[in-house]
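For reference, the structure discussed in these notes is given below.
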Amino acid sequence: MKRRDFVRTAAAAAGAVASSSAPLSAAARGPELWLRRAVRPVVVSDVSGIRYTNGGPESAVERAFRGIVEGEDLLDALIHGVNIPELDPEETGIGFGGLPNADGVVQLDSCCMHGPRKWAGGVAGIEGVRTPSRVARAVAELTDHHLIAGVGAREFARDLGFQVEDDLNTPRSRELWLEWRRRVDPGHWLDPRERLRGLGERGGETDPDLIGRGRSGGGQASLDPGAMRRRSDAWYRAGLEMVRDGLIPEHSFWGTINCDAVGPTGDVCGVTTTSGLAWKIPGRIGDSPILGAGLYVDNEVGAAGSTGRGEANLYNLSSAMIVEFMRQGMHPKDAGMAILERIRANTVEPRLQDENGEPSFDVRFFIVNTAGEYAGVALWGSGENAFAVCDENGAREEPLEGLLTR
Ligand code: ASP
């Protein structure tokens, strides 16, 4: 959508707020409160929300923003948005084609929260469904529960008519998984190219675009070689090496989309959806489906969600804390920085620290408040260093504010 179309649709939305056709929930609050809450809609997400379109005309934040200004339910607009990277086979951190667990099985996590309705729902470790965010929404809408996991989540989805597939791997995600296995278990998983080279032959059947491709520049704190040397868990080191070697985009190893929005009446919703940490122990659940960790929404305050090392958010209940900091009056950026400081202070295990004693991983937060103020913050202000924003001025990437820089 071009900028002038955004301006036109956003202006129409503002007009709708000022007209008698304003949403009932807003009108019911009385004119004074209703006017106070009239804000300019904005959608924020991590970069997956702007860099992937699944071959279509819109990214997640553009689709979500369009839905909002056209009067779609706020959470539905966000979920339609994140369905784009969920379905995009090129996005290896979310939904279909997400990087699998250590056994090669794609297990997905998602949750959503509907601010004005006080609904929430999530699925954890679900297999076979390309769009876990939709199943999470169904948990919120159709059940008394907030979280359904594993086989139960898959069968719940099947019962509702979702297509359940045997395998959500793409050739790319499967090949990357095989490469990871070769790196962690080279005694059993042989590299066919090395073997052919040993015989004086060239090539091999592995797609050269997937294997052995170098990458120039970039890198982030978690790729610090000193920190990696000290880590005992070879699987993690191999995964980070694959990021460093350019096989996996950094945002896919830590791949997730969190997408939050404030609508024209100041209502707030959010959704998070992910394939979780690449090569995770089967059954591992991260922060993404856990309310308060990977996402939290309070319609009187705002919304916050995360990507990055989920265990840090589970330990610190980060998203809920950010919302609480905003409730106490903090700007979204300050609230995000406050929880990043807490994560930093709570990261005391040497295995999680770099050579300077700082966290060797990254965590990022995407935050909006009911006034339409927003922020994107990260533990490390390096690496990809951007987040996605869409408002009346169109979709764009803005710099992530880093607590630490290298
Ligand atoms: N936060 C998610 C998790 O830990 C995925 C990620 O962003 O890496 O599962």
Side-chain angles (χ1 to χ4, degrees), residues 44-49 51-52 60 82 85-86 91-95 97-102 105-112 122-127 132-133 136 147 149-150 173 176 180 220-223 233 235-236 239-240 242-243 248-260 270-296 304-320 322 336 339-340 343 347 352 359-366 376-380 383-384 386-388 400:
V44 296
S45 84
D46 72 292
V47 289
S48 297
R51 295 187 184 170
Y52 294 88
V82 300
E86 281 182 327
E91 169 44 278
T92 50
I94 303 167
L99 296 178
N101 66 19
V105 177
V106 180
Q107 292 184 322
L108 305 174
D109 299 334
S110 178
C111 77
C112 62
V123 287
I126 188 172
E127 298 174 13
S133 64
L147 184 60
S173 65
L176 288 168
W180 172 75
Q220 68 162 92
S222 56
L223 306 184
D233 35 358
W235 67 270
Y236 184 75
L240 293 179
M242 290 176 70
V243 177
I248 309 172
E250 187 180 311
H251 68 263
S252 290
F253 186 68
W254 302 106
T256 295
I257 181 167
N258 161 251
C259 193
D260 310 305
V271 59
T272 302
T273 177
T274 187
S275 54
L277 180 63
W279 335 129
K280 59 195 173 187
I281 294 173
R284 175 266 190 188
I285 304 298
D287 59 325
S288 303
I290 306 298
L291 305 179
L295 173 72
Y296 198 72
S306 183
T307 67
R309 188 171 190 276
E311 283 72 10
N313 290 331
L314 287 163
Y315 190 87
N316 293 285
L317 217 54
S318 308
S319 296
I322 289 173
I339 199 67
L340 288 170
I343 290 171
T347 304
L352 297 173
S360 59
F361 53 86
D362 203 7
V363 181
R364 301 161 186 178
F365 295 104
F366 315 96
V377 298
L379 200 43
W380 287 97
E384 287 167 338
F387 71 112
L400 276 169

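Read the numbers this way: they start at 1 and go in the same order the structure lists the ligands and their atoms. By convention here, the first residue in the shown sequence is residue 1.
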Regarding [X] and [Y], is there a side-chain donor-to-acceptor distance under 3.5 Å anywhere?
| X | Y | answer |
| --- | --- | --- |
| T272 | N258 | yes |
| N313 | S306 | yes |
| Q107 | S275 | no |

Quick check for you: to the nearest 0.5 Å, what is the distance between [X] atom [atom1] and [Y] atom [atom2]?
| X | Y | atom1 | atom2 | value |
| --- | --- | --- | --- | --- |
| E86 | I257 | CD | CD1 | 8.5 Å |
| I343 | R309 | CD1 | CZ | 10.0 Å |
| L340 | S318 | CG | OG | 8.0 Å |

Give the atoms of ligand 1, by number and element, whose distance to some non-hydrogen atom of [X] is under 4.0 Å.
| X | answer |
| --- | --- |
| T256 | 1 (N), 2 (C), 5 (C), 6 (C), 7 (O) |
| T274 | 5 (C) |
| T307 | 7 (O) |

**Asked** Looking at ligand 1, does R284 have a heavy atom less than 4.0 Å from it?
**Response**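 Yes, R284 has heavy atoms under 4.0 Å from ligand 1.
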**Proximity flag S288 to ligand 1, non-hydrogen atoms under 4.0 Å** =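 True for this residue.
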[X] N/O to ligand 1 N/O under 3.5 Å:
| X | value |
| --- | --- |
| D287 | yes |
| G286 | no |
| G276 | no |

**Asked** Taking the six-membered ring for Trp, are W180 and W279 parallel (under 30°), tilted (30 to 60°) or perpendicular (over 60°)?
**Response**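 The rings of W180 and W279 lie parallel, inter-plane angle below 30°.
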**Asked** Between L277 and ligand 1, which residue portion shows a heavy-atom distance shorter than 4.0 Å: side chain, backbone, both, or neither?
**Response**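 Backbone only.
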